[in-house]
Amino acid sequence: MRRLSAFALVVACMFTLSACGESAVLDASDTSQAPPPSEEPVTVFSCGGMEVALPSAFLDQLLVETEFPDAAESWKPLISVYEKTSFEEAQADFGGGCGFLFGLLAMDQAAFEQSVCSDSPGQEIFATDGERYYACTFPTDVQFYRSGRSGSGLLDHPDWPAWEALNEIGPAVQEDFLTRNGLSAYNETQLLEQPFTYVGNHVYLKYFPYLDVDGDKRPYHTLVLSQPVIQGEGGVWAVERWLDEYGCVYLYFPDTGKPAAEYYANLQAECDAGQHPELLTPAGAARAFIKDSFDRDASPESFAECDGDTAAYTEANLRLRETVLDVMAGREVDGLELLNCMGRITEDNWGTLGRRMYGSEWWPPLRAALEAAAVGGNQQDRDRNLMAFSLAIQNSRADFQEAIGQLFQAQVSADPEAFAAALSEFSQEEQAYIQLYTGALQ
């Protein structure tokens, strides 16, 4: 997407400038010693109105930058920390670009929204004060450098263990930064996990990206539209997220330099005054989104309302993604709600996890959550939803199916009558799969 790609490029450039720009070790007069009780001494740096504490024992190995005069206030680095030797030797050999360990930055609401929907690399948002968001930045490649060494030769360098020790500083500094400055913990996935950005009406439209090129309507994206300000007649419509042809979900916020809420409020006022009449319909808003995001003038024929099956598929995808991210984050998920979610998915829904998220990350916590939810109140409902889920994933990996088979055994043992009643709601072919393939009743 044009604007999102541009923002990601700006982020990448700012990281590069941060890692290559002039840095200096601050004098002791610029810092204050403030070690917490019973902890290692730290040196506290004043960074854009915030305090950042670095372990004093490592300061002689570090270069610390806290001044960024050219940075915009909307996306402002607070501190960048480098390994001194790597920085200086790379500077001498080819002008710099090495030694970056980590940094902290602050962003306003508009920058936060663009960061989330552009999936910026080398950055993790971890805190907020209610107005700004704070992120830890880190290199996406190895920054260790010694003159005359490259590749595996770097790993054998006697300074490598010290380099690894320096790379352990970042998480502790990040945690101290949060508590020292009275911030609230925040994970950017909290926004990504919501099935919808705005409450109220939602409309699903298919967009055929190749229709205007060669008439092909087979691949399509699904646009999720809502009314962010006024519900019903007269309310402006907007694309809040979209799913590509593989079912992967992407958030969207307009890149205007303003928070989306402020932008849409102003846009609604303009529409109330008779401007932008095309934005008062989902189709018109969809065409505006394609122009803004893909720089294409899409014809009206490139869009079609989703039928019930497509809308249900889209909603199931959004709910599945929300649920899996919840269990991955360790948040409590109601067992019945979890099974209801899993019972509504299709094989295609399940496939989107494999295309977007690594099974080694999401399957273990999801399996544990399913094990906890398999037996309880409303047992027949639990059984029915797990059966529907097993049918949806019957063509997937064997370890998924084996795990569900074990859960069936637990459900049969807990309440065989409820299990039999739930089983009777499925076709004979489906019952045969549940009974024989999973070994549920053996």
Side-chain angles (χ1 to χ4, degrees), residues 193 195 243 246-249 308-328 331-442:
E193 289 160 9
L243 291 78
Y246 303 110
C248 300
V249 183
D309 289 342
T310 304
Y313 163 77
T314 301
E315 289 202 21
N317 256 13
L318 298 175
R319 296 291 182 185
L320 175 62
R321 187 168 181 266
E322 174 192 21
T323 299
V324 171
L325 288 172
D326 273 342
V327 298
M328 287 177 66
R331 284 187 281 275
E332 184 176 351
V333 177
D334 181 82
L336 274 175
E337 292 181 4
L338 170 64
L339 290 172
N340 285 337
C341 173
M342 307 311 290
R344 290 196 298 268
I345 71 170
T346 66
E347 182 177 6
D348 287 339
N349 296 135
W350 185 247
T352 63
L353 293 179
R355 288 188 287 267
R356 184 74 177 183
M357 304 165 69
Y358 293 108
S360 60
E361 297 176 355
W362 55 261
W363 175 239
L366 179 57
R367 176 175 179 169
L370 290 171
E371 289 173 350
V375 175
N378 300 309
Q379 188 60 50
Q380 186 171 331
D381 289 340
R382 294 174 189 265
D383 298 344
R384 180 192 310 108
N385 281 308
L386 192 63
M387 291 174 187
F389 175 49
S390 74
L391 294 169
I393 68 169
Q394 60 183 295
N395 295 319
S396 61
R397 284 177 11 199
D399 57 335
F400 296 154
Q401 301 162 7
E402 291 169 1
I404 301 305
Q406 294 171 7
L407 297 184
F408 281 145
Q409 295 285 357
Q411 289 181 329
V412 171
S413 298
D415 191 338
E417 293 183 359
F419 192 91
L423 187 64
S424 67
E425 300 177 34
F426 294 87
S427 70
Q428 292 298 317
E429 181 180 359
E430 292 169 336
Q431 289 184 41
Y433 169 79
I434 295 169
Q435 289 177 299
L436 300 178
Y437 190 83
T438 65
L441 298 182
Q442 293 179 2

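Everything numeric here is computed off the predicted structure, so don't read it as measured data.
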Return the minimal non-hydrogen interatomic distance between [X] and [Y], and the atom names on each side.
X	Y	result
Arg367	Gln406	NH2-OE1, 3.0 Å
Phe419	Ile434	CZ-CG2, 4.3 Å
Ser390	Phe408	OG-CZ, 3.6 Å
Leu336	Gly377	CD2-O, 4.2 Å
Asp383	Ala422	CB-CB, 3.8 Å
Val375	Arg382	C-CD, 4.0 Å

Close side-chain approach of [X] to [Y], heavy-atom, < 4.5 Å:
X	Y	result
Met387	Gln411	no
Glu430	Leu423	no
Phe400	Trp350	yes
Asp381	Leu339	no

(Q) Before you tell me yes or no, could you show the steps for Leu318 and Glu322 under side-chain contact (heavy atoms from CB on, under 4.5 Å), namely the whole-Å CA-CA distance, both residues' side-chain angles and the distance that decides it to 0.1 Å? (A) CA-CA 6 Å; Leu318 298 175; Glu322 174 192 21; over 6 Å; no
Interatomic spacing from [atom1] in [X] to [atom2] in [Y] - rounded to 0.5 Å:
X	Y	atom1	atom2	answer
Arg384	Glu425	CZ	CD	4.0 Å
Glu315	Cys341	CD	SG	11.5 Å
Met342	Leu320	CE	CG	5.5 Å
Leu386	Leu370	CG	CG	7.0 Å
Arg319	Thr314	CZ	OG1	12.5 Å

Q | Test side-chain hydrogen bond (donor to acceptor under 3.5 Å, both in side chains) applied to Asn340 and Asn385, Thr323, Asp334, the passing residue | A |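 Only match with Asn340 under side-chain hydrogen bond (donor to acceptor under 3.5 Å, both in side chains): Asn385.
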Q: Look only at the side chain of Gln379 and the backbone of Ala374, and say whether a donor-acceptor pair between them is shorter than 3.5 Å.
A: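 Answer holds: yes.
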Q: Apply the test side-chain contact (heavy atoms from CB on, under 4.5 Å) to residues Ile404 and Gln401: give CA-CA distance (whole Å), side-chain angles for both, the deciding distance (0.1 Å), then the verdict.
A: CA-CA 5 Å; Ile404 301 305; Gln401 301 162 7; 5.8 Å; no
Q: Please identify each residue that fulfils side-chain contact (heavy atoms from CB on, under 4.5 Å) with Ser413, with sequence neighbours left out.
A: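 Counting only residues at least two positions away or on another chain, Ser413 forms no side-chain contact (heavy atoms from CB on, under 4.5 Å).
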